[in-house]
Amino acid sequence: MTLRLYDTAARAVRDFVPLEEGKAGIYVCGLTVQSEPHVGHVRSAVNFDVLRRWLLASGYDVTFIRNITDIDDKILAKAAEQGRPWYNLAYVMKRELDKAYDDLHVLPPTYEPAATGHVPEMLELISLLIDRGHAYAAEDGSGDVYFDVQSWPSYGELTRQKVDDMEAAEDADPRGKRDPRDFALWKGRKDSEPETASWPSPWGRGRPGWHIECSAMAGKYLGAAFDIHGGGVDLRFPHHENEQAQSRAAGHPFASYWMHNAWITTSGEKMSKSLGNSLLVPNVLERVRGIELRYYMVAAHYRSHVEFSFEALEEAASGFQRIEGFLERVGPGAAGTLPDAFVAAMDDDLGTPAAVGVIHDVVRLGNKALAEGDHESAARHAGEVRAMLGVLGLDPADDHWATGGTNDLTAVVDALVQGLLEQRAEARAHKDFATADQIRDRIKAAGVTIEDTPSGPKWSV
RNA sequence: GGUGGGUUGGCCGAGAGGCGAGGCAACGGACUGCAAAUCCGUCUACACGGGUUCAAAUCCCGUACCCACCUCCA
């Protein structure tokens with residue numbers, strides 16, 4: 001069975017046929033670094049990280065580009081509001097974002113280009129579009145350059161919209177547009193904007209429009225044609241529609257497949273950036289571990305809306321702990337082979353929910369084997385579980401996660417708990433169960449759970 | 001106005017014409033000194049109204065409600 005992916009442009013699941021056999025080029029729209037990342041932002045990164053890991057596991061040589069938008073209207077406005085340089089705001093937020101990605105074990109991309117580092121490439125592309133008759137410098141002297149929507153008949157094809165049905169941009173302020181739907185490729189500098197936020201161009205000083213950066217950077221690192229372009233559903237229009245129009249109008253075939261992840265919502269509403277702090281990644285990670293948050297995200301299909309709640313998150317954490325508990329009971333071991341059912345689920349448009357179902361099925365088989373004393377069989381199942389978790393970035397034995405749960409205090413707690421456990425063992429040996437239970441209750445009240453296993457008692461927080 | 005998506009059991013979440021995903025919670029049983037963990041079992045749902053079909057959660061028609069996008073958004 002081959003990998004099949006849902007292509008937004010085709011509105012159907014299609015067999016994945018790469019441009020070059022054995023290789024996959026992926027471009028994912030990263031974030032505009034203007035505020036702290038919340039769980040919704042990170043979902044996109046996790047979803048595409050799973051895609052990447054699955055392609056790797058399937059033997060592809062993957063080039064994965066995820067950009068950073070580090071200059072735009074909002075960054076400038078926020079920085080001005082906070083009285084600090086725009087580049088400082090962008091940089092600090094980028095570092096926050098890197099931390100959040102790392103906390104969720106999102107692999108670093110092959111390269112992470114920033115918009116401000118690619119102005120020459122964008123200017124080149126804009127000039128090409130003007131030469132080909134698909135863009136024009138505003139006639140009002142603003143220094144803006146616009147894409148000429150009417151010059152590109154297939155404009156709207158990605159989202160199946162007709163230009164005439166679209167509402168005009170509200171930001172216009174027509175600023176010399178020929179058609180209200182035309183969008184900015186280059187924004188002439190306004191007097192209110194800092195000098196540092198502008199670059200020289202044939203049309204005067206200015207800064208890039210939002211859409212052109214992705215076309216320019218995707219072209220630079222992946223070539224005129226590449227395999228997969230991804231991002232959140234909200235980006236389909238205008239961002240991706242515009243990207244495709246620009247690149248194709250410039251003569252580039254651009255992406256073969258378009259993939260879009262759905263939202264995480266709260267109270268049925270989209271997670272807006274002004275929603276408050278409770279859903280920022282660091283705050284959510286005070287409630288559950290990173291690996292559990294990742295499991296929560298992976299357990300839902302990437303194209304399904306997820307209604308975020310701490311109840312559901314903690315429930316997911318319980319489910320994950322069941323898997324972890326099994327692996328701990330079996331003990332260390334190497335990753336094994338991937339069960340066919342898992343491969344089939346993943347090949348079917350990254351069917352992670354079904355894949356997670358397979359993990360639980362194998363865990364049950366493994367637990368059963370363990371209960372029957374069949375360690376060989378249990379170890380084989382554990383190997384399969386590790387392999388599956390590895391593909392999803394969820395293997396607890398991965399060094400990346402190991403540091404998260406252990407620190408200096410672990411040894412301290414262990415020493416204290418061990419002392420109490422010895423007292424309890426002694427009491428139990430004398431059948432003094434009242435004392436034994438009292439010790440266990442006290443340990444539990446401190447937040448440590450005791451589990452009696454054939455190899456002696458074990459504790460966990 | 002245009003475009004796209006959704007509504008599944010106590011809860012979370014899959015599935016996309018027939019053989020009832022899975023998890024969490026709850027309850028019963030096994031194991032245990034008692035627990036915990038684990039295993040076995042129980043709880044058998046698809047917004048509403050029509051239709052097609054031997055067979056519909058799944059396809060068609062209609063209705064209701066919800067969400068997203070329409071040039072700042074993961």
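Model, not experiment: these values are computed from the prediction. Convention: sequence-line order gives letters A, B, ...; per-chain numbering from 1.
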Which nucleotide wins on minimum distance to the side chain of [X], given the candidates [options]?
| X | options | value |
| --- | --- | --- |
| A:Ala371 | B:A14, B:U38, B:A36 | B:U38 |
| A:Pro353 | B:U38, B:C70, B:A14 | B:A14 |
| A:Arg364 | B:U71, B:C24, B:C39 | B:C39 |
| A:Glu307 | B:C24, B:C34, B:G13 | B:G13 |
| A:His360 | B:G33, B:G23, B:A74 | B:G23 |
| A:Ser44 | B:A14, B:U71, B:A74 | B:A74 |
| A:Gln161 | B:G5, B:A74, B:G2 | B:G2 |
| A:Lys177 | B:U71, B:A35, B:A37 | B:U71 |
| A:Lys368 | B:C34, B:G23, B:C40 | B:C40 |
| A:Leu235 | B:A74, B:C24, B:C67 | B:A74 |

Do the rings of [X] and [Y] sit parallel, tilted or perpendicular, given the 30° and 60° boundaries?
| X | Y | result |
| --- | --- | --- |
| A:Phe48 | A:Tyr302 | tilted |
| A:Tyr295 | A:His360 | perpendicular |
| A:His211 | A:His239 | tilted |

Under a plain distance cut-off of 3.5 Å, with no hydrogens placed, do [Y] and [X] share a side-chain donor-acceptor pair?
| X | Y | answer |
| --- | --- | --- |
| A:Asp70 | A:Trp86 | no |
| A:Thr435 | A:Asp432 | yes |
| A:Glu243 | A:Ser215 | no |

When we call it a touch if two heavy atoms are under 4.0 Å apart, what does [X] touch: a base, just sugar-phosphate, or nothing?
| X | value |
| --- | --- |
| A:Gly325 | nothing |
| A:Asp361 | sugar-phosphate |
| A:Arg43 | nothing |
| A:Thr8 | nothing |
| A:Gly156 | nothing |
| A:His301 | sugar-phosphate |
| A:Tyr295 | nothing |

I need the [atom1]-[atom2] distance between [X] and [N], as an integer number of Å.
| X | N | atom1 | atom2 | value |
| --- | --- | --- | --- | --- |
| A:Met346 | B:A21 | CE | C1' | 16 Å |
| A:Asp437 | B:G33 | CG | P | 12 Å |
| A:Asp374 | B:C39 | CG | P | 15 Å |
| A:Glu328 | B:A37 | CD | P | 13 Å |
| A:Leu365 | B:C40 | CG | C1' | 14 Å |
| A:Gln321 | B:A25 | CD | P | 10 Å |
| A:Phe326 | B:A37 | CZ | P | 17 Å |
| A:Asp234 | B:A68 | CG | P | 11 Å |

Assess [X] against [Y]: is NZ or CZ under 6.0 Å from the centre of the six-membered ring, and within 45 degrees of the ring's axis?
| X | Y | result |
| --- | --- | --- |
| A:Arg66 | A:Tyr27 | no |
| A:Arg178 | A:Tyr146 | no |
| A:Arg287 | A:Phe310 | yes |

Partner nucleotide of [N] by Watson-Crick or wobble geometry (both distances under 3.5 Å):
| N | answer |
| --- | --- |
| B:C72 | none |
| B:U63 | B:A47 |
| B:A30 | B:U38 |
| B:C11 | B:G23 |

Interatomic distance at [atom1], [N] relative to [M], whole Å:
| N | M | atom1 | result |
| --- | --- | --- | --- |
| B:G29 | B:G51 | C1' | 47 Å |
| B:A57 | B:G6 | C1' | 14 Å |
| B:C48 | B:A55 | C1' | 22 Å |
| B:U63 | B:U3 | P | 16 Å |
| B:C11 | B:C43 | C1' | 13 Å |
| B:C54 | B:G17 | C1' | 12 Å |
| B:G50 | B:G13 | C1' | 30 Å |
| B:U44 | B:G20 | C1' | 7 Å |

Quick one: is [X] getting a side-chain N or O under 4.0 Å of the [N] phosphate, OP1 or OP2?
| X | N | value |
| --- | --- | --- |
| A:His41 | B:A74 | yes |
| A:Ser309 | B:C12 | no |
| A:Asn367 | B:C39 | yes |
| A:Arg322 | B:C39 | yes |
| A:Arg236 | B:A74 | no |

Take A:Glu315 and A:Glu311, find for each the nucleotide of RNA chain B with the closest heavy atom, and name the residue whose nucleotide sits nearer the 5' end.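 Residue closer to the 5' terminus by nearest nucleotide: A:Glu311.
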So which one's nearest nucleotide on RNA chain B is more toward 5', A:His305 or A:Pro238? A:His305
Suppose we call a contact any N or O donor and acceptor under 3.5 Å apart; does that hold for the side chain of [X] and the base of [N]?
| X | N | result |
| --- | --- | --- |
| A:Arg440 | B:C34 | yes |
| A:Lys74 | B:C72 | yes |
| A:Arg428 | B:G33 | yes |

Aromatic contact between A:His229 and A:Trp258, with the criterion being ring centroids under 6.0 Å apart: yes or no? yes
